[in-house]
Each structure stands twice: as structure tokens, then as C-alpha cells.
Amino acid sequence: MRTIHLSFSLGLALAAGIPAPVFALGGTPSVFFVDDDAPPGGDGSSWNTAFRYLQDAIAAAAATGGGEISVARGVYRPDRSSDAPAGTGDRLASFRLVDGVALRGGYAGLGHADPDERDPRQFPAVLSGDLAGDDDAASGTSDNAYHVIQSWHNDRSAVVEGFTVRAGRADRPVSQGWWPAGRDDSGAGALLVHSEAVFRDCLFEDNYADANGSLFIALSGDFGFVEPGGGAVLVSRGAPTIESCEFRNNAANRVGGALSLHRSAATVTGCLFAGNSVGELAPQEVSMGGALGDMSADFSNDERARIESCRFINNTAHGSGGAIFTALCDSVYANCVLLANHATDRAGGLSADNVAFVEFHNTAIVGNTSARGAAGVFEFSEVGDTYLFINSIVWGNRTDEPAEPLNQNMISQNGNIAAYDTIIEQVGEYPVFMFDADRLFDADPVFTDPVGPDGVPYSGDEDLRLATGSAAIDAGNSSRVPGWLATDLDGQPRFADAPAPDTGVGPAPIVDIGPYEAPAGCPADLAPPAGVLNFFDVAAFIALYNDASPAADLAAPFGVLDFFDIAAFIGLYNAGCP
């Protein structure tokens, strides 16, 4: 059973309106300031006397019972401190998290009118593994830190918020003796072991895990059942929280170009995975999961990993699972988008294998590509798997090989998939094998913009929100929505009574199929200005009707445009469509 850690803070305000400092045990100020532009010798008690090196602030906070560390824009390297201002060049150096210490970056810092102004995008605080500052030089990244951040056995009071984590390179040869106590070939941005630390609003970019081709799988210990991988982050056990983070251009050679989860009930919410890759630089015999390698099952308890409201766009596997690879996992996905990912073998979207239980709720797997097999979902395991797709969309996925089977969206090799209340393109075509199915549709979900600004279908800039006339609106099964899933991918209410036929199951408002919930509105309001019915809406309806667009299908029998649709439009128009 997990321990629930509670922390309390008491804020005091002075009569003058100036916030009082927060104090740790013993009366020591628990806010420490760090700015790489600060003059030497600071004690961290204010911006004017800030620490120059983050390692000094972490040591001070740990020595005084914890606290918060405010970090100004700049570049901070783990091998530097007041004792080693030029750096040690030690690739084993990391920022080690401490219970009770929260690292918060993105402050304006010295030289600004308000040093407390905070915006991690405008004032990036970079934790860099580029120890020598020479990644752009001929020497490359061979001297970078193995892990920029490490978290071992931390609870939720260890926090990292508002940082860019960049240029870790986990490529230490196993011959140097780190196995099995370490994992220095994986988790270049952050190595999390038995950790419940919280990462919030961080950018992980340009981190790389070599994995050395080492396929060690031990039966016990911190890295039991842990394969190498996780270009940006490797999680081994524990239950960390990763929320509102971005993973861009990270790479690994074995599993999980950005993130690899092992025996962990991690919570990953509101994150973007874009442009990550696996197996590109030194391909292994099998490389899997361009963005995420999910091997999260911990058979010693019943806790599950949860990946919610995340987007996986333009990731690549030089192997299988362009976006996600699952095996030995017990996890639930909800409100996610897998869009325009690619695999050089099978499954540009999701590749599934071996002893896993995975649920996908209100998820869209759209416009992914692969060299062969089903480009959307390919389940090829032999024993013990269950993959559930509920209120989801699998659409527009294509293989590069035209001679492949007719169904290029979903194939289950051994029938370990179940799908309920889900839109699957080509669902009636061979060879989709399922052990259970209910209310499956092969009906155009009618996305708001299936092409995107660049004019290229499924290149990654498409808008997958549901347009008027979508077969997915009010078509799901409300009884199958998890109780904790209260909002959609936009953060809007998960149940909205859109002006569309209720073709789904459950009392109104019936849930939509897919990650986005269509807002309440008027199906006759087809042209700008929104909220006003006029001649432009009439002209738009006529054009849609003549083009046989689903947006003009306003009345039963649905799927057929006829007089009843015209009458429905006239009735809505005359009523003012309240």
C-alpha cells in the first residue's frame, strides 16, 4: 500500500502587504535563491545574495530541513558548485532530489525590475548535462552527464517545476560496473527509482539513452524487470507524478525514446510527446516505443499507471510502436491523442505485446503510419493480454506497403483486444480479431480540420476536435466512462449536451467518442459570425447538403440526406436555435 504524505504550510502577511518568509524547523528561512549571474559568495537568502550554483542551494536546503529553491533564468550544470566553479567534468554528477525540497525555475532574477516575475518560457532555467558547454563543437556529447536529475526513494515533497532538462547522455558502458545497482545507460534527463517525486511544467529535450545493447532483466532489486531505455526519463518502481510537461527530440536505442515506465504506478497527465525516437542512432535487434515504453505492471500490488490527456505527435520507432509500446504493463489511458507517429516495422501508433492489461478511454489513434501490419494498433502477443478500447477512435492509419491486409487501422494477431462504443475505420475488414466487441462503428468522425494549416493530411498539425455532423458526438456509452474522468482533453466538462442526435447509451448528456467533447451549440449555425443565424448559414447548409456532408445530416434516418434534414434545418433556423 502506498503511503500518503501530507504537508502543510502557513503563510503570514505583514501589515505592509509584504509576504513574510516561510520558516523551516529551527527558524531558518526556507526559501533559497539561485541565479547564475549572482556575484560569488552569496548565501541564497535573497536575489541580491543569491547562490550562483544550484548544487549549493540544494545542499543548504537539505541541511536546514527543506524548503523551496527559486531559480532564475540561466544554465545550471550538476558538476558545478562554489567548491568547483569551473566544473569537475564528472559524468556521474547529477542534481539529486531531496525530500522536502521543491525546485522551482523560471524566475526573472537579477537585472530585471521584478526578479520575482516568473515565466518558465520567457525566463528558462536550464538544467544541462552538457558539462563542458561544447555540444555544438566537434567533441559532441561524449562528455555529458549520464543523468541530469536523479530521484531515489523520494516522497511527493520532492518537486521539480518549471525547468528545461537538456543534454543528458546515458551511455556508460556496463563494463564499468554499474549493473545491477545502477542504470547508467538509461534515463538521461531523469532517473527515478522508487520515487514519488513530482515533476510539473518541465521541458525535457535533446536527452539520449544509449542502452549499450544491454538487455538485463533481473528478478529483484531496484531494477528488477527493467529493460534499458527512457531517453529523457526512466521510472523504476515508485509512483511519480509527471504533469504538464513536454518531451521533445529525446532518443533511446531500446525502449521509450522519451519515457520508460517499469513496475510503476506513475501518473502522467497533460503532457506532450513530440519528435522523440527510438532505435535511430544505433538500432537494437528490437526497438520499441518512439515516445513511451510502458512496462508498468507491478505484480506485487494492484496500483496502475495512468496516462491522461497526453498528446503523442510525430514520434518515430525504428522498430515497432511509433508512439507507444506496451508489455508487462497494467495501465489506463484516457483523453489521449496518438497522431502522425511512424514505425519502420509495425504499428505507427500502438504496439502491444505480452502479459498486459491496458485500457484506452476516449482516445484517438489517428493518421499514424508504419512499414507493415496495422499502422494504428498491432497486438502480436501470444499469452495473457487484454487491450480494451472504450469510447475511442482509430482512424486514418496507413501502412507503406499496399499489399498488406485490408485493415490497416487495427490488427489483433491472437484476439486479445476488446472494443466497446468505438469508431474503427475498416472494422469489418479482415483481420481484426477481438474476444469481445459491442457497438463498433465505421463512420467518419468528421474532425474540425483533418488536414491542418500545412495542407498535408495527418502531418501532426490537425485539429481532431469534433465538427458538426460527426458520428462521434453524443454516440458513446456514458456508463463506461471512469468516475475520475471529469474533463476532456481541453479541460472542458466530459459530458456536454451538444445539439446532435443522441445515438449513444446513457441518460443525456451522452458522452462523445474520442478525446474531445463537442460543446453545446446550434447545428444550424454553420457559418460565421458564431451565435447568429442568417443567410450565410442557409447558404452553408445548402452547400453541405449538395456535397453530401455529414454536417447536413440533422435528422433520422442518419447516414442519409433527405427531406427530413431540410425540414430539421428550417425548424432550427426559424426557432432561432436557442
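Please read these numbers as outputs of a predicted model, since none were measured by experiment. Along the sequence shown, residues carry numbers from 1. Just so it is clear, the values below take in all heavy atoms, side chains as well, and ignore hydrogens, waters and symmetry mates.
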Quiz item: Under the side-chain contact (heavy atoms from CB on, under 4.5 Å) criterion, do Phe378 and Ser351 qualify, and how do the steps go?
Solution: CA-CA 5 Å; Phe378 193 93; Ser351 176; 5.5 Å; no
Using atom types as modelled and distance alone, determine if a side-chain donor or acceptor of [X] lies under 3.5 Å from a backbone N or O of [Y].
X      : Y      : result
Asn250 : Phe204 : yes
Asp130 : Ser128 : no
Thr422 : Tyr420 : yes
Asn314 : Ser459 : yes
Asn207 : Ala251 : no
Asn315 : Asn276 : yes
Arg237 : Ser264 : no
Asn144 : Ala167 : yes
Asn362 : Asp512 : yes
Asn335 : Cys310 : no

Quiz prompt | Residue Arg91 excluded, over 12 heavy atoms near CZ under 6.0 Å | solution = yes
Exercise. Assess whether side-chain contact (heavy atoms from CB on, under 4.5 Å) is satisfied between Leu466 and Thr448, documenting all intermediate values.
Key: CA-CA 6 Å; Leu466 303 177; Thr448 295; 5.9 Å; no
Quiz item: Without hydrogens or angle criteria, can the side chains of Asp185 and Tyr146 be said to hold a donor-acceptor pair below 3.5 Å?
Solution: no
Exercise. Check whether the side chains of Asp184 and His147 place a donor and an acceptor atom closer than 3.5 Å, and report yes or no.
Key: yes
Does the distance from a Lys or Arg side-chain N to an Asp or Glu carboxylate O, for [X] and [Y], drop under 4.0 Å?
X      : Y      : result
Arg304 : Asp330 : yes
Asp201 : Arg121 : yes
Arg169 : Asp206 : no
Glu161 : Arg104 : yes
Glu196 : Arg156 : no
Asp421 : Arg480 : yes
Arg118 : Asp116 : no

Supply the atom-to-atom distance [X] [atom1] to [Y] [atom2], rounded to the nearest 0.5 angstrom.
X      : Y      : atom1 : atom2 : value
Ser236 : Arg263 : OG    : CZ    : 8.5 Å
Leu339 : Phe312 : CG    : CZ    : 12.0 Å
Asp119 : Glu117 : CG    : CD    : 7.0 Å

How far apart are the closest heavy atoms of [X] and [Y], and which atoms are they?
X      : Y      : value
Gly367 : Asn397 : N-OD1, 3.3 Å
Ile473 : Ala498 : CG2-CB, 3.6 Å
Gly514 : Arg494 : O-NH2, 3.2 Å

Under 4.5 Å between any side-chain heavy atoms of [X] and [Y], yes or no?
X      : Y      : answer
Tyr76  : Val34  : yes
Cys329 : Leu261 : no
Val268 : Leu259 : yes

Quiz item: Does Phe273 have Arg311 sitting over its ring (NZ/CZ under 6.0 Å from centre, angle to axis within 45°)?
Solution: no
Practice problem: Please collect all salt bridge (charged side-chain N to carboxylate O under 4.0 Å, His left out) contacts where either partner lies in residues 331-341, sequence neighbours excluded, each pair once. | Solution: none
Practice problem: Starting from the C-alpha separation in whole Å, work towards a yes-or-no answer on side-chain contact (heavy atoms from CB on, under 4.5 Å) for Phe495 and Ser478. | Solution: CA-CA 8 Å; Phe495 298 90; Ser478 298; 3.5 Å; yes
